[in-house]
Structure formats: structure tokens, C-alpha cells
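Computed from heavy atoms alone, side chains included, the values below leave out hydrogens, waters and symmetry copies.
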Amino acid sequence: MTGQSPALTIVLNHPAAETYARLIRERFPQVRPIIAPDRGQLERYIGEADALLAFHFPVEFFEQAKKLRWFQCTGAGVDSMFPIRDKAAHLTVTNARGINGDLIADYVMAGVGMLHWDFRNFWCEQGERKWNPRNVAPLADKALGVIGLGSTGATIARRAKSAGMTVLGSKRDTSVPVEGVDRLFAPNALQQLLPLCDFVVLAVPATAETIGLIGAAEFACMRRDAFLINIARGNVIAEAELIEALRSGTIAGAMLDVFEREPLPTDSPLWDMANVIATPHVAGNATSYIERVFPTFADNIERFLEGQPLKNVVDLRRGY
Ligand code: OXD
């Protein structure tokens, strides 16, 4: 590329920017990757970017990104663009949907097993050397509802079905069946779906329609022995109302990977609740993530250079 101007300049605002840069150089000598994992570098280089790769879109630099035409999100959720979505119509936004659905489904099924068997209690009893046998219903007697049947939700549904569970789900278009889902509900029929579930799994993107989707009214529809699992985004739940529902026994417990504020503040009551399993937004963190996601990204670089439509394009008005 010496002496020639690059065909495409990509700013890499990611902790693994060095690795992405190496992979891009190996495959696309005509492309100029710029390593910019922190604010200072981003501020310096964002004005040169034709494309940006990041997990969160750095909205504070949007106005400076005058040449930007493409944002490749390294994850699935592009809710970080929410504040600028009305100004970003000129950008092509692509994501990495489908890359980590299997891992997220592993996480959900692990949560279903732990909550259902009350493993937290077994661990406490083990610490106290207590021998306290009890009986547990097979999962095949239980129903799991998936709110949001995009690529991740549909993978979760198939896994729950393969564990023998009754699987319910909600999605916009209920006319097309989803493999493994016994019964589909429209998004406005949550109040009918929730009382039927032993486990409710949130797998919706955070959009104008889903922010605050689950609050006191929805917890009141759930069974007192039901569990909630959130692998979507923290702001899909009204967190203060969740804490109240967990405290008062309106629902039995929850496994939460995402929170209204991340990292979860150290003074959040969720850390100490005996009926909560809290994890630090890891459900989709597959080992070798970069190797898994890079083929999609490389395919898109090729398409971008050839002026072809990109893959995994996100409709910013819908939010997914
Ligand atoms: C994602 C995530 O959006 O891991 O991919 O949260």
C-alpha cells in the first residue's frame, strides 16, 4: 500500500484492536486499519474513518466522524446508537448476530438448571455439611417462554425443546412458526404468555418498544414460583421494580447477565439477594470470539470494497 492511498480506512475502537488490525492487514493489504482502543486515539483518528469497528458506538464522537459510512458492531445489540439513530441514516450498520447464539443458549440452560434445582441453596448447605435431600420435578414438566425470537431467542427455544420443555414464545410475526416453539404470542399478548411460564427468558433487542418492557405489571402476571432470565439488555426491565418483585416474592428468582448500569454498582441490592444469580455481561463471550466473528467482518470488507450490499445489516429505525 506504500505510496498509494488506502481503499478503505477502518478505525478499530476495541480492546482487541491489535488482533483485528493484524487479521485485516494479512487479508486486505489495500485497507488501512487504525488501532484506537481508547478515547484519546479515537478523538485523534475518528475523522479519518470510512468504517468503524466497535462493540459500542462512541456517540460522543459522532459529529467528528465526517467520513464515516459503515459501522460494524462486534456484538449483536446496537442499542448504543440509540441517541444518534435519527442522524445516522447515511450509515450502514452491521452486527455480529448469530455468532454467539449457541453460547447464550448454553448460559440460559445452565441458568434454568441452577435455578430449578436451587443450586445456590445446595452450595450453602454443602458449606455447612448439611445432608438435606429433596425431590425435583423433571424439566419436561416445565414451560419456558422466550420473549423475542430473533436468532438468539430461536436458538434458546430449540435448546429448551431438546430438554423436553414446553416452549412458548413471543415475536412480531406469529404467522411463521419457529422450530421448537409450541405456541407463539404477539408482543402485545405478554399478559397471556407470562402466567403460563415457569421460566421467562428475555432475548429482545433494546429498542423504543422494548425499553421498560418488563415491570411491576408484568411481574404481577408471572407465577410466584417462576424465574426470570435476562440475556437481553438491562433497560428492558424496570430494575427497581424487579428488585421489589424479588424481595416480595412476586417471582421466585432471577438470573441476570445484564443491568441498567454496567458494571453493576457495588451498592446494588441485586448482589446480595439469595434468589438472584448475577453475572457480568458474559453470556455471549465465546472463547476465540475474534476468530468466530472475523469471517463475517472480512466478508463485509470485501463487499464494501466491491460496492456490494453488506451482510447482517441492522435497520436502525427498528433497532435490530
Ligand atoms: C451482544 C452482547 O450484543 O454480547 O452481542 O451483549
Shortest non-hydrogen pair, T210 vs P205, comes out as OG1-O, 2.6 Å
Does Y289 have R292 sitting over its ring (NZ/CZ under 6.0 Å from centre, angle to axis within 45°)?
no
Tell me, yes or no, whether the heavy-atom count around R44 atom CZ, taken from other residues, nucleotides or ligands under 6.0 Å, exceeds 12.
no
Same apolar cluster (I L V M F W Y, side chains within < 4.5 Å links), L305/I24:
yes
For the atom pair CG (L264) and NE2 (H281), what is the distance rounded to the nearest 0.5 Å?
13.0 Å
Quick one: does K171's side chain have a donor or acceptor within less than 3.5 Å of a partner on D173's backbone?
yes
Contact between T174 and F185 at the side-chain level, heavy atoms closer than 4.5 Å - yes or no?
no
For residues L202 and V108: do they belong to one hydrophobic cluster (side chain heavy atoms under 4.5 Å, members Ile, Leu, Val, Met, Phe, Trp, Tyr)?
no
Would you say L184 and L213 are hydrophobically clustered, going by side-chain heavy atoms of ILVMFWY under 4.5 Å?
no
Mark yes when over 12 heavy atoms from residues, nucleotides or ligands other than Y20 sit less than 6.0 Å from its OH; otherwise mark no.
yes
Could you check whether any side-chain heavy atom of V276 comes within less than 4.5 Å of a side-chain heavy atom of L246, counting everything from C-beta outward?
yes
Looking at Q308, I want to see if its CD is surrounded by more than 12 non-hydrogen atoms of other residues, nucleotides or ligands under 6.0 Å.
yes
State, without any angle test, whether D257 and T279 hold a side-chain donor-acceptor pair at a distance under 3.5 Å.
yes
State whether a side-chain donor-acceptor pair under 3.5 Å links E48 with T9.
no
Keeping H56 on the side-chain end and P58 on the backbone end, is there a donor-acceptor pair under 3.5 Å?
no
Check the orientation of W70 and F304. Use parallel for under 30°, tilted for 30 to 60°, and perpendicular for over 60°.
parallel
Salt bridge R39-E60, side-chain N to carboxylate O under 4.0 Å
yes
In sequence, state the C-alpha distance, the side-chain angles, and the governing distance for E63 and K87, and then conclude on salt bridge (charged side-chain N to carboxylate O under 4.0 Å, His left out).
CA-CA 10 Å; E63 299 299 342; K87 296 190 270 179; 3.1 Å; yes
Between E241 and G215, is there a donor-acceptor pair closer than 3.5 Å when you use the side chain of the first and the backbone of the second?
no
Enter the distance from S170:OG to R183:CZ here, rounded to the nearest 0.5 Å.
12.5 Å
Within the side chain of N95, is there an N or O that forms a donor-acceptor pair under 3.5 Å with the backbone of C73?
no
Would a distance-only check, ignoring hydrogens and angles, find a side-chain to backbone donor-acceptor pair under 3.5 Å from N100 to L103?
no
R303 atom CZ, over 12 foreign heavy atoms within 6.0 Å:
yes
Report yes if the side chains of M255 and L115 come closer than 4.5 Å at any heavy-atom pair, otherwise no.
yes
Between L53 and V11, is any pair of side-chain heavy atoms under 4.5 Å apart?
no
In the structure I gave you, are the side-chain heavy atoms of E43 and Q64 within less than 4.5 Å of one another anywhere?
yes
Would you please test R22 and E26 for salt bridge (charged side-chain N to carboxylate O under 4.0 Å, His left out) and show each step?
CA-CA 6 Å; R22 178 177 51 74; E26 279 167 14; 3.3 Å; yes
Can you list the steps and then say if I211 with V236 is a side-chain contact (heavy atoms from CB on, under 4.5 Å)?
CA-CA 4 Å; I211 289 176; V236 168; 5.7 Å; no
Do I10 and I290 share a hydrophobic cluster (ILVMFWY, side-chain heavy atoms under 4.5 Å, transitive)?
yes
Check step by step if side-chain contact (heavy atoms from CB on, under 4.5 Å) holds for V314 and T94.
CA-CA 5 Å; V314 175; T94 55; 5.9 Å; no
Verdict with reasoning, R134 to E125, per salt bridge (charged side-chain N to carboxylate O under 4.0 Å, His left out)
CA-CA 13 Å; R134 52 252 199 196; E125 288 170 0; 2.8 Å; yes
Any chance you could measure C221, atom SG, to L193, atom CG, to the nearest 0.5 Å?
10.0 Å
Distance col, row M165:CE vs H116:NE2, nearest 0.5 angstrom, shows 7.5 Å
Closest non-hydrogen atom pair, A252 against F227
CB-CE2, 3.7 Å
W271 side chain vs P265 backbone, donor-acceptor pair below 3.5 Å
yes
Are L316 and I84 co-members of a hydrophobic cluster defined by side-chain heavy atoms under 4.5 Å apart?
yes
What's the spacing between N275 CG and D118 CG if we round to 0.5 Å?
9.5 Å
Any side-chain to backbone donor/acceptor pair from N300 onto K311? Under 3.5 Å, distance only.
yes
Of all the heavy-atom pairs spanning V146 and A203, show the shortest one and how long it is.
CG1-CB, 4.1 Å
Note: I229 and G111 closest approach over all heavy atoms is CD1-C, 4.2 Å
Within the distance-only criterion (no hydrogens, no angle test), does the side chain of D182 pair as donor or acceptor with the backbone N or O of V167 below 3.5 angstrom?
yes
Under 4.0 Å between a Lys/Arg side-chain N and an Asp/Glu carboxylate O for E239 and R261?
no
A154 and V178 have their tightest heavy-atom pair at CB-CG1, 4.2 Å
I want to check something: taking the side chain as every heavy atom from C-beta on, are L91 and L68 in contact at a cut-off of under 4.5 Å?
yes
After noting the C-alpha distance and the side-chain angles of T92 and V313, does the key distance pass the side-chain contact (heavy atoms from CB on, under 4.5 Å) rule?
CA-CA 7 Å; T92 302; V313 171; 4.2 Å; yes
How many angstroms lie between CG in L144 and CD1 in I156, if you round to the nearest 0.5 Å?
8.0 Å
V200 vs F219 side-chain heavy atoms within contact, under 4.5 Å:
no
Specify the closest pair of heavy atoms between V181 and G169, including all atoms of both residues, with the distance to one decimal.
CG1-N, 3.8 Å
So does A51 get a backbone contact from the side chain of R69, meaning a donor-acceptor N/O pair under 3.5 Å?
no
Counting only N and O atoms by type, is there a donor-acceptor contact under 3.5 Å from the side chain of D198 to the main-chain atoms of K142?
no
Residues E260 and R233 bridged, charged N to O under 4.0 Å
no
Quick one, T166 and L168 - any side-chain contact, counting heavy atoms below 4.5 Å?
yes
Might you work through the side-chain contact (heavy atoms from CB on, under 4.5 Å) test for L8 and I301, ending with a clear yes or no?
CA-CA 9 Å; L8 167 66; I301 294 180; 4.0 Å; yes
R27 vs E302, test: salt bridge (charged side-chain N to carboxylate O under 4.0 Å, His left out). Steps then yes/no.
CA-CA 10 Å; R27 175 115 176 241; E302 215 158 270; 3.1 Å; yes
